[in-house]
Amino acid sequence: MASRKKADEEKLRRRRLARFRFKQLIHVVICNRYWIAEIEDQEIGNSVHRNVAVIERRLTHKGTLTIIEKKILNSPPGERTEDARRILRLVFRKIECMQEFTEGQLDDLAGCATFQYCEPGRVVLREGHQPHAVYFISNGEVVVSRLQWDNIYKINTDVPCGTRVRGQMFGEIALLHDCPRTATCTTATDCELLCVARTDFDRILRRTLLDRWAQIQRALERFDYFKHWSSDQ
């Protein structure tokens, strides 16, 4: 009886594991359906091996990143080879806001950055929340908004105050100044993002971006309009 019970428990465990893996697979497909759709439908058939070969062969793409590069970015950082990192360094150099980074910084980013797709209307950052990452836009457009008090309806409303487009970054201000998010960032279109976690941001980019921020502050101080503003402002 004990052995039969143990066998039944093992069968139930395997069934649950299979269900979990299937749900996990569906989740991956849903999250990546946008860039998977780059493959022409007529090239996809019933042969799994042929389909994989088609995916590997296709180099045409939407935005800055190819399917191959997205595949690398979706892989665990510890498994990325030197050739894979070299491929990412080359594509990072094409992103406008990364063009001033050193080769060493680009190599470090190639070892830790991840790919994230967001559909239109997705809130990536929420004003007032704690920061955990910085984002670089590979493709798409992000709307930046801030809460403002509405005296008529007596509520806070999100008011658009800018946009971020392909080649720009967002989310760095809260990380640089160690404060809650200063604005809400929402995708206006299908967006492909590069995500760098806070620990990696501090290690690789913090000093460079703080120096750049200080240069901007010194430039603003030359204008009489800003001479009565505080450093925080």
Side-chain angles (χ1 to χ4, degrees), residues 24-25 27-36 38-39 52-53 55-118 122 124-125 129-140 142 164-178 181 185 187 190-215:
Q24 192 175 39
L25 175 62
H27 176 72
V28 170
V29 171
I30 291 174
C31 289
N32 294 281
R33 65 190 184 279
Y34 172 72
W35 64 271
I36 289 176
E38 295 175 27
I39 305 162
V52 170
I55 294 173
E56 294 284 358
R57 189 178 69 250
R58 284 293 301 277
L59 294 178
T60 56
H61 60 283
K62 303 173 182 176
T64 303
L65 300 171
T66 67
I67 291 177
I68 300 302
E69 291 152 1
K70 293 170 190 175
K71 176 184 176 183
I72 297 172
L73 288 164
N74 277 328
S75 67
E79 297 179 6
R80 298 176 190 176
T81 64
E82 175 54 35
D83 284 341
R85 290 166 69 126
R86 178 183 57 79
I87 290 172
L88 293 182
R89 288 198 303 271
L90 292 174
V91 74
F92 288 173
R93 184 61 74 188
K94 300 175 185 177
I95 297 176
E96 183 178 350
C97 64
M98 290 188 177
Q99 290 176 357
E100 296 181 5
F101 295 163
T102 67
E103 285 299 316
Q105 287 174 314
L106 292 179
D107 185 64
D108 286 339
L109 290 173
C112 66
T114 57
F115 174 76
Q116 182 176 338
Y117 161 73
C118 295
R122 167 81 176 275
V124 183
L125 307 180
H129 286 193
Q130 291 301 310
H132 300 291
V134 65
Y135 299 87
F136 300 85
I137 304 177
S138 167
N139 194 42
V142 173
R164 294 292 182 271
V165 296
R166 176 177 171 180
Q168 296 182 327
M169 73 166 66
F170 64 94
E172 77 279 13
I173 294 177
L175 294 179
L176 287 174
H177 299 284
D178 195 24
R181 294 295 190 189
C185 294
T187 56
D190 289 298
C191 284
E192 295 178 344
L193 307 174
L194 296 174
C195 177
V196 177
R198 180 171 191 163
T199 53
D200 294 315
F201 173 87
D202 289 341
R203 175 174 58 90
I204 302 168
L205 300 177
R206 182 178 179 83
R207 174 48 52 191
T208 297
L209 295 181
L210 277 176
D211 290 343
R212 186 184 297 178
W213 192 268
Q215 291 175 3

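On a predicted model such as this, the values are computed, not experimentally measured, just so you know.
Without hydrogens or angle criteria, Ser138 side chain to Leu193 main chain gives no donor-acceptor distance under 3.5 Å. The backbone N or O of Cys195 lies less than 3.5 Å from no partner atom in the side chain of Gln116, so there is not a single donor-acceptor pair. Proximity of a side-chain donor or acceptor of Arg198 to a complementary backbone N or O of Leu175 within less than 3.5 Å is not detected. One N or O on the side chain of Arg181 and one on the backbone of Gly171 form a donor-acceptor pair closer than 3.5 Å. Checked by atom type and distance alone, the side chain of Arg80 pairs as donor or acceptor with a backbone atom of Ser75 at under 3.5 Å. Using modelled atom types, no side-chain atom of Glu79 and backbone atom of Pro76 make a donor-acceptor pair closer than 3.5 Å.
Under the side chain to side chain contact (heavy atoms under 4.5 Å, CB included) test applied with Leu109, the options Leu88, Val196, Asp200 reduce to a single match, Val196. Checking each of Arg93, Arg86, Arg85 against Glu103 for a salt bridge (charged side-chain N to carboxylate O under 4.0 Å, His left out) leaves exactly one that passes, namely Arg93.
The side-chain heavy atoms of Trp213 and His177, taken from C-beta on, include a pair separated by under 4.5 Å. Counting heavy atoms from C-beta outward, Ile137 and Val142 have side chains that approach closer than 4.5 Å. A heavy-atom distance below 4.5 Å is found between the side chains of Val124 and Thr187. In this structure the side chain of Val134 never reaches within 4.5 angstrom of the side chain of Leu209, judged on heavy atoms. Between Phe136 and Cys97, some side-chain heavy-atom pair lies under the 4.5 Å cut-off. Counting heavy atoms from C-beta outward, Leu194 and Leu65 have side chains that approach closer than 4.5 Å.
Using a 4.0 Å cut-off between charged nitrogen and carboxylate oxygen, Arg89 and Glu82 count as a salt-bridge pair. Ion pairing of Glu192 with Arg166 is absent here, as no side-chain N (NZ or NE/NH1/NH2) approaches a carboxylate O to less than 4.0 Å. Checked for salt-bridge contact, Arg207 and Asp202 miss the test: no charged N lies under 4.0 Å from a carboxylate O.
The aromatic rings of Tyr135 and Phe170 sit parallel, their planes meeting at an angle under 30°, below the 60° perpendicular limit.
Heavy-atom neighbours of Gln99 CD from other residues, nucleotides or ligands within 6.0 Å: above the threshold of 12.
One finds the CD atom of Glu69 at 8.0 Å from the CG atom of Leu73 (value rounded to the nearest 0.5 Å).
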